[in-house]
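The structure appears below as structure tokens.
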There are 2 protein chains.
Amino acid sequence: MAAPADPRVCSIARALEVVGEKWALLAVREVFLGNRRFDEMIRRTGAPRDTLTARLRTLVAAGILQRHRYSDHPQRFEYHLTTAGRDLYPVILTLLRWGDEHLAGPEGPPLVLEHTCGHLLVPEVTCQACGEVVDPAETTRRSPTGS
Amino acid sequence: MAAPADPRVCSIARALEVVGEKWALLAVREVFLGNRRFDEMIRRTGAPRDTLTARLRTLVAAGILQRHRYSDHPQRFEYHLTTAGRDLYPVILTLLRWGDEHLAGPEGPPLVLEHTCGHLLVPEVTCQACGEVVDPAETTRRSPTGS
DNA sequence: CGGGTCGGTCCGAATTCTGGACGCACGCTA
DNA sequence: TAGCGTGCGTCCAGAATTCGGACCGACCCG
């Protein structure tokens with residue numbers, strides 16, 4: 001018998017169905033940075049117009065962005081983060097950090113964030129319960145669908 | 001004048017060039033879960049064979065995975081995480097959490113992790129300096145390339 | 001010999017992405 | 001009134017990717 005084919009049911013896979021694509025996440029990045037308009041996103045992401053149009057549509061459909069009329073006559077729209085969209089911040093931050101660490105040239109990271117605590121923001125992923133930084137080795141699967 | 005077109009130089013964009021695709025990250029997920037072989041990844045991700053082949057190649061080229069012969073005669077390979085690959089754990093965890101919160105059905109998350117501290121793992125992103133959970137509103141851009 | 005496993009490759013059809021041109025509804029300037 | 005600029009797209013056609021399924025070579029097992 002060939003492969004039984006048993007794709008894992010998994011929140012990661014589901015999440016990637018929606019945001020698992022470059023332009024989608026870059027559009028979200030722009031909104032986090034305050035650029036909510038189509039043309040601005042085109043400029044700052046470099047996405048093709050058609051592609052951005054499509055991505056924005058799926059992001060809106062997924063409840064990550066909201067399309068907002070800021071002018072009738074002529075109709076003009078802005079994209080705002082919903083709660084679900086704001087909850088993507090951790091994803092963006094971890095990607096940012098990974099890129100900073102593994103893909104930055106000698107000039108260092110091109111975009112630096114500062115936390116209100118006064119320090120440069122270095123995002124870490126910690127366990128809500130104990131506050132420790134999470135390491136793959138300190139993590140185990142619980143209950144369902146084994147290896 | 002039309003759009004000046006000024007795509008942001010950004011670690012997020014760079015990171016997405018490498019891991020900004022569903023199958024790439026799902027392959028990495030499988031390796032984290034201990035499935036290091038091609039066929040196993042095919043089974044558990046649902047990716048087309050050709051696509052997985054291509055993704056594994058770029059992941060290896062990017063220094064995220066390492067291809068390892070575990071048998072000559074017949075030649076057989078496994079994929080292992082490099083340090084850079086292990087550093088993707090935070091990205092995976094934040095995606096997992098987002099999916100758990102926004103895409104899980106009433107049966108709850110299909111995959112649950114446990115931290116060595118004894119509690120279920122709920123990953124949070126915190127500021128390395130002050131330990132506080134990071135909120136988009138408490139974050140500002142520093143120095144380079146404005147809005 | 002007849003199966004089965006593993007890690008792919010090959011193929012053709014279907015889909016998606018890309019970049020450039022174009023459109024339309026305005027507002028501004030002169 | 002004409003002419004230009006902006007904002008937010010759409011349309012198109014060619015290029016690139018993806019998909020699914022068949023196939024393959026090198027084994028091992030009974």
Side-chain angles (χ1 to χ4, degrees), chain A residues 1-7 13 16-28 30-31 33-62 65-80 147, chain B residues 1-7 13 16-28 30-31 33-62 65-80 147:
Chain A
M1 198 99 310
D6 176 22
L16 290 173
E17 289 295 329
V18 192
V19 293
E21 204 268 344
K22 215 172 51 158
W23 303 127
L25 240 14
L26 289 185
V28 172
E30 283 311 304
V31 181
L33 291 173
N35 292 326
R36 312 194 164 78
R37 332 262 250 226
F38 188 85
D39 268 33
E40 206 57 21
M41 294 188 204
I42 289 290
R43 279 192 51 244
R44 309 305 307 240
T45 62
R49 305 178 80 82
D50 267 14
T51 307
L52 187 62
T53 304
R55 288 302 167 278
L56 289 174
R57 257 197 260 282
T58 60
L59 288 170
V60 168
L65 296 178
Q66 243 177 333
R67 196 157 176 266
H68 230 250
R69 184 170 8 327
Y70 71 90
S71 141
D72 329 281
H73 285 320
Q75 288 209 315
R76 294 286 155 81
F77 301 94
E78 282 182 337
Y79 295 87
H80 288 260
S147 158
Chain B
M1 199 95 314
D6 176 21
L16 290 173
E17 290 294 328
V18 192
V19 294
E21 203 269 343
K22 214 172 50 157
W23 303 127
L25 240 14
L26 290 185
V28 172
E30 283 311 305
V31 181
L33 291 172
N35 293 326
R36 311 193 166 80
R37 332 261 251 228
F38 188 85
D39 270 33
E40 207 57 20
M41 294 188 204
I42 289 291
R43 278 192 52 243
R44 309 304 307 242
T45 61
R49 305 178 78 82
D50 266 15
T51 308
L52 186 63
T53 302
R55 286 304 167 276
L56 288 174
R57 257 197 261 282
T58 59
L59 288 171
V60 169
L65 297 179
Q66 242 178 334
R67 196 158 175 265
H68 231 251
R69 181 159 28 310
Y70 69 91
S71 142
D72 329 280
H73 286 316
Q75 289 209 315
R76 292 290 154 77
F77 300 94
E78 283 183 336
Y79 294 87
H80 288 260
S147 156

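Just so we're on the same page: letters track the sequence lines, and every chain starts at 1. The shown structure was predicted, so the numbers you read here are calculated from the model rather than taken from an experiment.
Each of B:Arg43, B:Arg44, B:Arg37 was compared with B:Glu40 under the side chain to side chain donor-acceptor pair (under 3.5 Å) criterion, and only B:Arg43 meets it.
Donor-acceptor pairing under 3.5 Å is recorded for the side chains of A:Glu78 and A:His80. Judged by distance alone, the side chains of A:Tyr70 and A:Arg36 never bring a donor and an acceptor atom under 3.5 Å apart.
Here the nucleotide nearest the side chain of A:Arg76, chosen from C:dC6, D:dT10, C:dA25, is C:dA25. Side-chain proximity of B:Phe38 to C:dT18, D:dC8, C:dG7: nearest is C:dG7. Out of C:dT18, D:dT18, C:dG7, the shortest distance to the side chain of B:Arg67 is found at C:dG7.
Looking at which nucleotide of DNA chain C each of A:His73 and A:Ala54 is closest to, the 5′-most match is held by A:Ala54. Toward the 5' end of DNA chain C, the nearer of the two residues A:Pro74 and B:Leu56, judged by each one's closest nucleotide, is B:Leu56.
Put simply, the side chain of B:Asp50 and the base of C:dC11 share a donor and an acceptor less than 3.5 Å apart. No hydrogens or angles were tested; on distance alone, a donor-acceptor pair under 3.5 Å links the side chain of B:Arg49 to the base of C:dG7.
The shortest heavy-atom contact between B:Trp23 and B:Glu21 is N-OE1, 2.9 Å.
The existence of a salt bridge linking B:Asp39 and B:Arg49 is confirmed by a sub-4.0 Å separation between a basic side-chain nitrogen and an acidic carboxylate oxygen.
Spacing between atom CG of A:Leu26 and atom P of C:dC17 amounts to 14 Å, rounded to whole angstrom units. Taking atom CD on B:Glu30 and atom P on C:dG7, their separation rounds to 14 Å, with Å as the unit. In this structure, CD1 of B:Ile42 is placed 16 Å from P of C:dT5, rounded to the nearest angstrom. Here D:dC19 presents its C1' atom at 12 Å from CZ of B:Arg55, a figure rounded to the nearest Å. In this structure, A:Asp72 atom CG and C:dG27 atom P are separated by 12 Å, rounded to whole Å. The interatomic distance linking B:Tyr70 (OH) with D:dC28 (C1') rounds to 13 Å, in whole Å. Taking atom CG of B:Leu52 as the reference point, atom P of D:dT17 lies 17 Å away to the nearest angstrom. Protein atom CZ of B:Arg37 is 20 Å distant from nucleotide atom P of C:dG4, rounded to whole Å.
Within the structure, every side-chain polar atom (N or O) of B:Thr51 is placed at least 4.0 Å from both OP1 and OP2 of D:dT18. Contact annotation: A:Arg57 side-chain N/O to D:dT10 OP1/OP2 distance is under 4.0 Å. Using a 4.0 Å cut-off, some side-chain N or O of A:Trp23 falls inside it from OP1 or OP2 of C:dT18. Put simply, B:Tyr79 has a side-chain N or O that comes within less than 4.0 Å of OP1 or OP2 on C:dG8.
In this structure, A:Arg69 reaches neither bases nor backbone, as no heavy-atom distance under 4.0 Å exists between it and the strands shown.
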